[in-house]
Amino acid sequence: MKKTVVTTCTRDCANTCGLVATVDNGRLVKLAGDPDHPLTRGVACHKAAKYVRRVYNPERVTHPLIRRNGVFERASWDEALDLVAQRMQDIAAETGPESILYYQGYGERTALKLLNKYFFNLFGPVTTLRGSLCGGAGQGSQNLDVGDRVSHDPLDHYNSASMILWGRNPVSTNISLVPIIRDIRKRGGRVILVDPAASRSVQLAERHIAPHPGRDCFLAMAAAKLVLAAGAEDREFLENRTEGWAEYRSILDRYEVDDLCARAGVSVDDAEYLAETLMTQRPTSILMGWGLHRYEYADYSIRCVDALGAVAGLLGAPGGGVSQGFEEYGAYDEQWWGDHLHPDRRTLLMPTVGEELLAATDPAIRMIVVTAANPVCMAPNADKVARAFKKAEFIVYSGHFLDDTSDLADVFLPATTFLEEDDFMGSYGHNFVGPVNRAIEPVGECRSEFEMFHGLAARFAFAEEFRKSAEEWFQLLLKPVLDLGVSLDELRECAYRLPAPMVPYEGGVFPTPSGKYRFITELEPANLADCPPEYPFRFLTIAAHGYICSERTMAEHTALPEITMNAVDAGALGLESGAPVEVSSLHGRTTALLRTDPDQRPGVVVAERGGWAKAGHGLNRLTRDLASKVGNGTPYYESCVSVAPCAGERARVLVVQHCDRAPGGNFCKQLERRGAELTTLWPENGDALPANPDGYDALVVLGGPQHAFDDGPSPHFPRLLELMRAFDAAGRPVAGICLGCQLLARAHGGQPAAMGDLEYGFTALEATAEGGEDPVLAPALPLPRLMEFHQDTFSLPPEAALLVRGAACPNQAFRVGRASYGFQFHLEADPPTVAAWIELLQKDEEGEFARYAHRYDAEFFGEFQADLALLTARSEEFCRKVADVWLDLARKDRP
Ligand SMILES: Nc1nc2c(c(=O)[nH]1)N[C@H]1C(S)=C(S)[C@@H](COP(=O)(O)OP(=O)(O)OC[C@H]3O[C@@H](n4cnc5c(=O)[nH]c(N)nc54)[C@H](O)[C@@H]3O)O[C@H]1N2
Ligand SMILES: Nc1nc2c(c(=O)[nH]1)N[C@H]1C(S)=C(S)[C@@H](COP(=O)(O)OP(=O)(O)OC[C@H]3O[C@@H](n4cnc5c(=O)[nH]c(N)nc54)[C@H](O)[C@@H]3O)O[C@H]1N2
Ligand code: SF4
Ligand SMILES: [Mo]
């Protein structure tokens with residue numbers, strides 16, 4: 001029962017690829033680029049393939065959640081929607097609808113999602129946002145120059161002789177452009193990358209110019225001066241089709257080319273190469289990315305690049321242009337946002353949303369509804385944002401995963417992904433509107449926001465104004481396209497090109513009041529501040545290659561985020577590639593893993609954005625919150641950091657692993673996150689165990705299917721038992737998990753034995769009185785349900801203290817000796833491990849677990865999977881706390 005469905009990727013990505021989803025027996029099995037989409041041409045990114053796993057990920061929340069007594073619990077849709085509607089009504093009645101903030105993120109830009117705002121507008125003048133975390137500065141700046149920014153159709157770049165990628169990284173962020181760019185090279189054209197970082201797009205370019213961050217204006221001015229000096233400017237255009245040319249010319253006249261190059265941090269040769277390309281490789285197109293936007297005076301750079309295009313005659317020329325983004329809402333009738341209903345409403349400035357929330361009074365923000373966003377992770381100065389969110393009484397979050405923002409929410413409304421929805425999607429990277437056709441039924445109880453907001457609206461007096469079928473709404477929302485004579489059914493079949501020009505501003509006509517191009521006429525270099533000596537490095541947190549923004553799972557995070565520095569910078573600070581370092585800014589501090597790169601520009605620290613704070617990747621805890629001068633954009637790269645070696649020596653932890661199905665998981669990851677250096681040995685594969693603890697500060701012994709009482713198949717056990725005792729005698733902490741726990745008991749005089757039964761699944765356990773006072777366990781209490789998977793147990797060693805007790809199997813955790821801890825439950829098990837253990841049991845029809853099949857039946861697994869996201873999240877948090885204190889024991893006892 002295989003079928004394919006043509007659809008469109010709706011993720012926050014300029015490609016907006018046409019996709020073909022393959023569905024086998026109702027299950028999505030493959031997502032590939034649509035060969036018939038004019039831009040995708042059969043090639044989607046590697047993230048599309050990963051999205052299949054994301055849809056079915058064990059961490060995905062598939063049921064509504066309500067927080068009760070501090071913890072999320074599964075709830076019905078009616079309970080969740082009743083609660084949200086009730087709070088909206090109560091708060092609006094008490095302090096007015098302005099006390100509610102609707103925060104719509106960038107994860108959803110489909111037609112139907114315009115209606116989210118319409119819902120709130122029908123409700124009343126709630127507070128909303130203005131400004132942008134993304135493209136505000138760029139759009140605002142280009143609008144000053146051209147009136148209304150319109151980019152060249154990407155397919156027009158097939159007419160380009162050469163291309164300049166200016167602060168744009170298509171290899172990671174815009175894969176559909178890659179064949180077009182390669183075609184330019186193939187035709188003998190040049191591709192130049194202008195980027196302070198050695199991004200992956202270096203591979204596309206024959207020349208990489210790495211200016212000082214935020215100083216592109218000087219490079220563009222230098223190139224413009226060189227074009228003028230050669231008499232190669234477009235004189236006709238400059239004289240007749242522009243305003244402010246004399247003023248701009250006088251700005252150029254203030255500087256010499258070598259001075260400008262020094263200010264930009266590039267060689268004169270770089271500027272000459274750029275100018276020569278523009279003069280000899282006609283037409284050259286300039287493609288600006290979003291990296292240029294993230295500065296306070298981004299308008300200087302963007303407008304000077306535009307000006308360079310104007311001087312060199314690129315504007316309005318086929319194959320030329322200075323292009324950037326597209327109007328992704330162009331296909332929709334924006335009246336259905338409903339913003340005209342409350343023209344005077346309050347808005348908060350998005351780039352400083354933390355500060356704005358804290359400062360909001362009359363009324364204060366009491367309730368926040370977040371859809372398709374992760375501001376506690378992605379907005380700058382994230383700790384402040386978290387503080388501001390915590391001040392609100394009630395937070396509603398709609399999304400897919402338990403991320404930094406949903407961790408602060410009171411209600412979680414699980415949304416469908418685009419694979420479970422019918423909709424339409426415009427693009428900010430091209431001119432096509434694509435159909436979003438449902439490929440699979442919603443996973444679990446997930447609902448599209450269309451259904452969610454209909455459900456909510458039904459609880460209010462304005463229900464009738466909102467209630468329409470999706471079909472009726474499409475007719476209204478897509479009216480601008482339907483008016484062109486295309487039908488909804490036709491739109492559902494394939495991507496449709498909007499009637500935008502291939503080449504904007506042909507004939508030098510611009511949608512400005514005078515119809516002319518407008519030059520930047522003021523540029524004050526003193527506004528461009530350098531990093532202070534305490535934080536000497538510019539911090540560029542750029543798009544990750546493997547993920548869209550913060551769309552990832554907890555388990556996908558590496559132990560530490562990675563930062564890249566020039567090797568000379570690192571050497572001067574005594575930092576080693578591969579070692580953890582402390583990265584600090586005025587706003588916060590974090591640990592990261594250092595990688596050095598000889599090709600990276602000195603003075604900058606580059607990292608990938610989007611990792612979660614709760615996974616130790618919250619880089620926005622370091623970034624500065626302010627708004628750009630033009631366009632209310634977010635100048636993330638006005639952040640400066642210092643980098644230093646981690647304080648103290650690294651703890652060296654020996655890990656003994658017994659099977660690939662029982663990895664160190666969350667426990668070992670947290671040790672690494674705290675700077676520990678792990679050495680993993682596999683005795684089953686012949687690794688020899690050391691004779692004594694020398695060289696190690698702590699020992700972890702992991703689980704496995706072996707029996708702790710049976711040395712026959714595991715001849716290394718006696719040696720391991722000795723080693724466990726020797727670590728303890730030396731005062732160095734030991735942690736044994738499952739099999740490791742049983743071995744620890746045996747090492748200290750307890751007796752492992754077969755249980756004659758299987759204990760499996762997340763199980764409620766109880767801390768003993770001694771557990772409540774234990775230094776390692778107590779800070780992690782109360783106990784969540786924890787994962788069990790064992791058929792053996794043990795008797796307690798004579799001197800041991802029982803810390804955790806279970807009903808079916810009493811001995812669940814103990815302390816023995818100075819600092820040895822045994823955990824029968826799998827506190828370390830991360831979601832992929834648990835998912836593999838589910839499959840192991842479900843598929844084991846004839847194996848050793850088959851006799852328990854009656855207990856672990858479809859109903860058991862149904863319940864198990866419904867709660868999996870919550871269970872694994874809570875167990876991860878518990879594990880993190882235990883690992884932290886346990887590792888501190890290793891550090892404390894070091895001489
Ligand atoms: N894989 C992947 N793709 C994505 C995204 C993602 O997170 N991952 N995010 C999507 C989103 S939300 C967006 S907005 C786009 C962004 O798409 P891009 O603009 O292509 O990507 P960025 O990493 O934001 O920035 C591009 C480059 O600008 C450089 N840069 C930084 N400062 C300067 C400067 O002062 N001058 C110059 N010349 N260059 C500078 C950075 O080093 C970076 O390599 O990508 C979209 N696509
Ligand atoms: N340090 C640093 N921070 C940055 C940037 C940077 O360069 N440096 N760049 C910024 C940029 S360019 C951007 S665009 C912002 C992005 O900032 P945000 O929009 O806040 O963050 P995303 O990570 O894109 O979160 C989108 C969420 O929407 C969810 N989602 C997807 N589809 C749907 C849906 O249909 N319904 C619901 N309810 N949820 C859905 C996804 O699972 C994901 O959790 O981050 C900015 N943050
Ligand atoms: S994430 Fe971007 S490149 Fe990847 S499939 Fe979606 S639209 Fe295409
Ligand atoms: Mo973005």
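As the structure lists them, so they are numbered: ligands from 1, and atoms in each ligand from 1. Worth knowing before you read on, the calculation uses all heavy atoms, side chains too, and leaves out hydrogens, waters and symmetry mates. Everything quoted here is computed from the prediction, not taken from an experiment.
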Looking only at distances, please establish whether an N/O atom of ligand 2 is found under 3.5 Å from an N/O atom of [X].
{"X": "T623", "result": "no"}
{"X": "T371", "result": "no"}
{"X": "K113", "result": "yes"}

Mind checking salt bridge (Lys or Arg N to Asp or Glu O under 4.0 Å) for D299 and listing every partner two or more places apart, or none if nothing turns up?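 Salt bridge (Lys or Arg N to Asp or Glu O under 4.0 Å) list for D299, sorted by chain: empty.
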Under the salt bridge (Lys or Arg N to Asp or Glu O under 4.0 Å) test, residues paired with D407 that sit two or more places apart: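 Applying salt bridge (Lys or Arg N to Asp or Glu O under 4.0 Å) to D407 gives K614.
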Name the residues in contact with ligand 1, where contact means a heavy atom under 4.0 Å away: which are they?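 Near ligand 1, by chain and number: D12, K47, C134, W166, G167, R168, N169, S172, T173, V194, D195, P196, A197, S199, P213, G214, D216, G289, W290, G291, L292, R294, Y295, Y428, I542, A543, A544, H545, Y547, I548, C549, R609, Y637.
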Residue pairs fulfilling salt bridge (Lys or Arg N to Asp or Glu O under 4.0 Å) with at least one residue in residues 168-178, sequence neighbours excluded: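 Of all non-adjacent pairs touching residues 168-178, none passes salt bridge (Lys or Arg N to Asp or Glu O under 4.0 Å).
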Could you tell me whether W612 and F401 have their ring centroids closer than 6.0 angstrom?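 When the ring centroids of W612 and F401 are compared, they turn out to be at least 6.0 Å apart.
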Sub-6.0 Å ring centroid separation between F389 and Y397: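 When the ring centroids of F389 and Y397 are compared, they turn out to be at least 6.0 Å apart.
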For the pair K113 and E421, find out whether any cationic side-chain nitrogen is under 4.0 Å from an anionic carboxylate oxygen.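 Salt bridge: yes.
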So for N374, does at least one of its heavy atoms come nearer than 4.0 angstrom to any atom of ligand 2?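 True for this residue.
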If we only consider heavy atoms of M350, is any one of them less than 4.0 Å away from an atom in ligand 2?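 No, that is not the case, since the closest heavy atom of the residue is not under 4.0 Å from the ligand.
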Could you tell me how the ring of H157 sits relative to the ring of H152: parallel (under 30°), tilted (30 to 60°) or perpendicular (over 60°)?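 Ring orientation, 0 to 90° scale: parallel.
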Which ligand 2 atoms, with their elements, are less than 4.0 angstrom from a heavy-atom of [X]?
{"X": "R54", "value": "42 (O)"}
{"X": "A415", "value": "36 (N), 37 (C), 38 (N)"}
{"X": "S398", "value": "37 (C), 38 (N), 39 (N)"}

Min side-chain heavy-atom separation W166-L274 under 4.5 Å: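 Of all side-chain heavy-atom pairs linking L274 with W166, at least one is under 4.5 Å.
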Least distance between heavy atoms, E608 atom then L619 atom: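 Nearest pair, atom of E608 first, then L619: O-CD1, 3.5 Å.
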With respect to W337, which candidate in F120, Y329, Y118 satisfies the ring-ring contact (aromatic ring centres under 6.0 Å, His included) definition?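 So, applying the ring-ring contact (aromatic ring centres under 6.0 Å, His included) to W337 and each of F120, Y329, Y118, only Y329 qualifies.
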